[in-house]
Amino acid sequence: MSKHPGKAPLLAADASKGQDASAEADGDKHERHPMGLLAMLGSAFLFAIMALLVKVLKQFGPFELVFWRSLFMLIGTMTMLAYQRTNPMGPPGAAFILTARGVAGFGFM
């Protein structure tokens with residue numbers, strides 16, 4: 001059992017216990033995957049690379065930097081949505097609110 005009741009471990013089950021034994025000890029029948037933790041680490045690394053590039057590429061203006069940053073973010077996001085076969089406009093009925101959020105975000109830039 002965990003030293004902190006109610007808190008799930010960050011990574012998969014301890015190798016010495018085996019995944020099934022650890023999941024049963026926690027009262028959870030689902031496998032644990034480190035994908036959330038890996039995604040957070042990967043995003044922090046990529047954000048640091050982006051900040052480094054912004055410092056190095058001083059010949060570009062702020063609007064050009066925002067454009068390129070947004071373009072690469074769009075490519076990455078659309079790739080993930082296509083891989084997961086998710087509609088970029090969200091569930092039915094959400095297109096208006098998502099479009100309004102995008103237009104407001106653009107307007108506040």
Side-chain angles (χ1 to χ4, degrees):
M1 277 186 86
S2 176
K3 292 181 183 178
H4 305 287
K7 296 201 177 200
L10 291 176
L11 294 176
D14 185 29
S16 64
K17 294 180 184 177
Q19 269 186 322
D20 294 334
S22 177
E24 289 175 14
D26 289 342
D28 188 9
K29 300 290 184 194
H30 301 288
E31 288 185 31
R32 299 196 189 278
H33 297 284
M35 292 305 298
L37 181 62
L38 293 176
M40 289 174 56
L41 290 172
S43 66
F45 175 74
L46 292 174
F47 188 80
I49 296 293
M50 181 194 61
L52 175 69
L53 288 173
V54 167
K55 296 288 183 190
V56 171
L57 300 174
K58 293 181 181 183
Q59 70 266 22
F60 293 108
F63 291 109
E64 287 175 294
L65 290 173
V66 168
F67 170 77
W68 288 110
R69 178 180 170 183
S70 299
L71 180 66
F72 284 110
M73 187 170 47
L74 175 70
I75 291 169
T77 302
M78 294 307 272
T79 301
M80 286 301 297
L81 288 174
Y83 176 76
Q84 295 176 350
R85 300 182 193 273
T86 302
N87 183 3
M89 293 306 289
F96 175 75
I97 194 72
L98 290 173
T99 303
R101 181 176 183 244
V103 169
F106 176 77
F108 292 136
M109 287 287 288

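Remember, predicted model here, so these are calculated numbers, not experimental data.
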Review item, side-chain donor-acceptor pairs of residues 63-81, under 3.5 Å, at least two apart:
{"from": "Glu64", "atom 1": "OE1", "to": "Gly61", "atom 2": "N", "distance (Å)": "3.0"}
{"from": "Ser70", "atom 1": "OG", "to": "Val66", "atom 2": "O", "distance (Å)": "2.8"}
{"from": "Thr77", "atom 1": "OG1", "to": "Met73", "atom 2": "O", "distance (Å)": "2.8"}
{"from": "Thr79", "atom 1": "OG1", "to": "Ile75", "atom 2": "O", "distance (Å)": "2.7"}

Can I get a per-line list of side-chain donor-acceptor pairs under 3.5 Å for residues 52-60, giving both atom names and the distance, sequence neighbours left out?
none

Contacts table for residues 40-51: side-chain donor-acceptor under 3.5 angstrom, sequence neighbours left out:
{"from": "Ser43", "atom 1": "OG", "to": "Ala39", "atom 2": "O", "distance (Å)": "3.2"}
{"from": "Ser43", "atom 1": "OG", "to": "Met40", "atom 2": "O", "distance (Å)": "2.9"}

Please set out all donor-acceptor pairs under 3.5 angstrom arising from side-chain atoms of residues 100-109, sequence neighbours excluded.
none

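Evaluation of the side chain to side chain contact (heavy atoms under 4.5 Å, CB included) rule for Ala95 yields Met89 as partners, not counting sequence neighbours.
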